[in-house]
Amino acid sequence: MDAATCDVARPRAWRSVPAGVTTVVMGVLIATVLWSATRSGSTALVRADVVLAVAALALVPLVVRHPEVAGLLAGLLVALSPVATPVASFAVLFTARSRPFRQAAVVAAVGVAGEAVQAVWRPMPSLPYGWRLVLMTAAYAALLGWGTWARARHALLAALRDRAWRAEQEQERRVVEARAGERTRIAREMHDVLAHRLSLLAAAAGAMEYRPDAPPERLSAAAGVIRVSAHQALDELREVITLLRSDDAEAPADAPPGQTLADLPRLVEEARAAGQHIEVDDPLGPPVEVPPAVGRTAYRIAQEALTNARKHAAGQPVRLALGGAPGSGLSIAVSNPTTPDGGAAGHDGAGLIGLAERAALTGGRVAHHIDASGRFHLTAWLPWPT
């Protein structure tokens, strides 16, 4: 938000106060000063004060629209009568609130000059000229400072609001880009898998076509390959269609295509070689057979969790636990202590949203939280059919 926008917004904010209310308040203050002036002045001076009070009151609506002009006129009236002092003070405050400091300082200087002239020909017996001038100068300076501070605060809040709005827009842009990146990456991976499945299907079908005289056992095996490959190809094609129709995909992923649960030990060893302390609880034992999509998702979840721990909780030990069985599902749990500079925000990026979408494609779920002791937990459950 630029300075021009702020300067336009500030007067509008003050104009939201009804002009009638401002005029009534100024009228009460002017009447109070006028009543005080009539107690010690002559009849001619009182009549002049009444006329000047009406003129000062007429300047109030002008202060709201053109505070610098109205402030200069009110400063001139102050030189003639104290009844214009409330309007001149209000003009200084309003100008400092809605105009640059230089204009407000000129209005304040004119008001102080008017007070100095007034004190010469309308002295106060109980207050020496010097002290009166010091007090009026301090009062106008206080109004000038107050208005300038209010203007600076308004500009700061407007800038902060604008910055927050821009940050929100930038975050939305990143979400859209991450969503497109994740869709493209998974679609490319599924394309490679589908090409493999279809090539197997085509090879088996070709063998049956060109060798119709093959033994029944070989024809049955080829038919079985066609059936399994077609079924798996349809399942993986359904995943691609679900991904492309979903509006909740997000986050680029960096797990290379083809890596599954069987590659998890190598991932752990690579992380340990990089200096990360990892404790693995794997009752599953040797590499087990899980559906390819589930295996890739499990690998991706573990990889993202270990990467987040290295980035946002460097040097902290990580615990990785696997469990489950065919029919009951595959569970993955990763936890690590958080660090003061890492915090919760470091574990709440686009990567975890992408993991949730990945798990949803296979019928699973992902959750994460920080417990009371400050330990970050990532849990996932993936279906594991019998």
Side-chain angles (χ1 to χ4, degrees), residues 7 10-11 14-15 17-151:
D7 286 341
R10 280 188 293 271
W14 276 62
R15 289 172 189 171
V17 179
V21 175
T22 305
T23 304
V24 170
V25 173
M26 288 294 102
V28 172
L29 295 177
I30 291 173
T32 302
V33 177
L34 179 62
W35 177 79
S36 178
T38 57
R39 299 178 61 185
S40 58
S42 61
T43 303
L45 197 56
V46 170
R47 292 177 179 176
D49 287 338
V50 172
V51 174
L52 293 174
V54 174
L57 188 61
L59 289 177
V60 174
L62 184 61
V63 171
V64 177
R65 295 179 177 83
H66 304 287
E68 62 276 11
V69 176
L72 295 177
L73 295 176
L76 297 177
L77 293 180
V78 166
L80 302 178
S81 174
V83 296
T85 297
V87 178
S89 304
F90 175 66
V92 171
L93 178 61
F94 197 94
T95 305
R97 178 62 179 79
S98 58
R99 294 294 186 270
F101 178 81
R102 181 177 300 178
Q103 298 182 15
V106 171
V107 174
V110 172
V112 172
E115 296 289 349
V117 173
Q118 178 196 139
V120 171
W121 74 279
R122 298 187 69 168
M124 297 178 61
S126 59
L127 186 63
Y129 177 86
W131 280 108
R132 181 178 176 181
L133 186 60
V134 169
L135 292 177
M136 297 309 299
T137 302
Y140 278 91
L143 292 173
L144 178 63
W146 184 13
T148 302
W149 170 82
R151 180 174 182 270

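Throughout, residue positions are numbered sequentially from 1 according to the sequence presented. Keep in mind that what you see is a predicted model, and the values were worked out from it rather than measured.
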Exercise. Of all the heavy-atom pairs spanning Ala96 and Thr148, show the shortest one and how long it is.
Key: CB-N, 3.7 Å
Quiz item: Atom CD1 of Ile30 and atom CG of Leu52: how far apart are they, to the nearest 0.5 Å?
Solution: 10.5 Å
Self-check item: Minimum-distance pair of heavy atoms, taken over all atoms of Leu143 and Ser89
Solution: CD1-CB, 3.4 Å
Quiz item: Which value, rounded to the nearest 0.5 Å, describes the distance between Leu73 atom CG and Leu59 atom CG?
Solution: 5.5 Å
Quiz item: Can you name the nearest heavy-atom pair linking Ala91 to Pro67, along with the distance?
Solution: CB-O, 4.4 Å
Please list every donor-acceptor pair under 3.5 Å in which a side-chain atom of residues 126-136 meets a protein atom from a residue at least two apart or in another chain.
residue: Tyr129; atom: OH; partner: Ala116; partner atom: O; Å: 3.4
residue: Arg132; atom: NH1; partner: Arg122; partner atom: O; Å: 2.8
residue: Arg132; atom: NH2; partner: Gln118; partner atom: OE1; Å: 2.9

Quiz item: Is any side-chain heavy atom of Thr22 less than 4.5 Å from a side-chain heavy atom of Phe90?
Solution: yes
Would you list the atom pairs, donor with acceptor, under 3.5 Å between side chains in residues 75-86 and any protein atom, with sequence neighbours excluded?
residue: Ser81; atom: OG; partner: Asp49; partner atom: OD1; Å: 2.7
residue: Ser81; atom: OG; partner: Val83; partner atom: N; Å: 3.3
residue: Thr85; atom: OG1; partner: Pro82; partner atom: O; Å: 3.1
residue: Thr85; atom: OG1; partner: Glu115; partner atom: OE2; Å: 2.9

Quiz item: Any side-chain heavy atom of Leu29 sitting closer than 4.5 Å to one from Met26?
Solution: yes
Residues 102-112 side chain polar contacts: donor-acceptor under 3.5 Å, at least two apart:
none

Practice problem: Could you pull out the closest heavy-atom pair between Val87 and Ala56, with the gap in Å? | Solution: CG2-O, 3.4 Å
Quiz item: In Å, rounded to the nearest 0.5 Å, how long is the span from CZ of Phe94 to NE2 of His66?
Solution: 11.0 Å
Self-check item: side-chain contact (heavy atoms from CB on, under 4.5 Å) evaluation trace for Val120 with Val117
Solution: CA-CA 5 Å; Val120 171; Val117 173; 5.7 Å; no
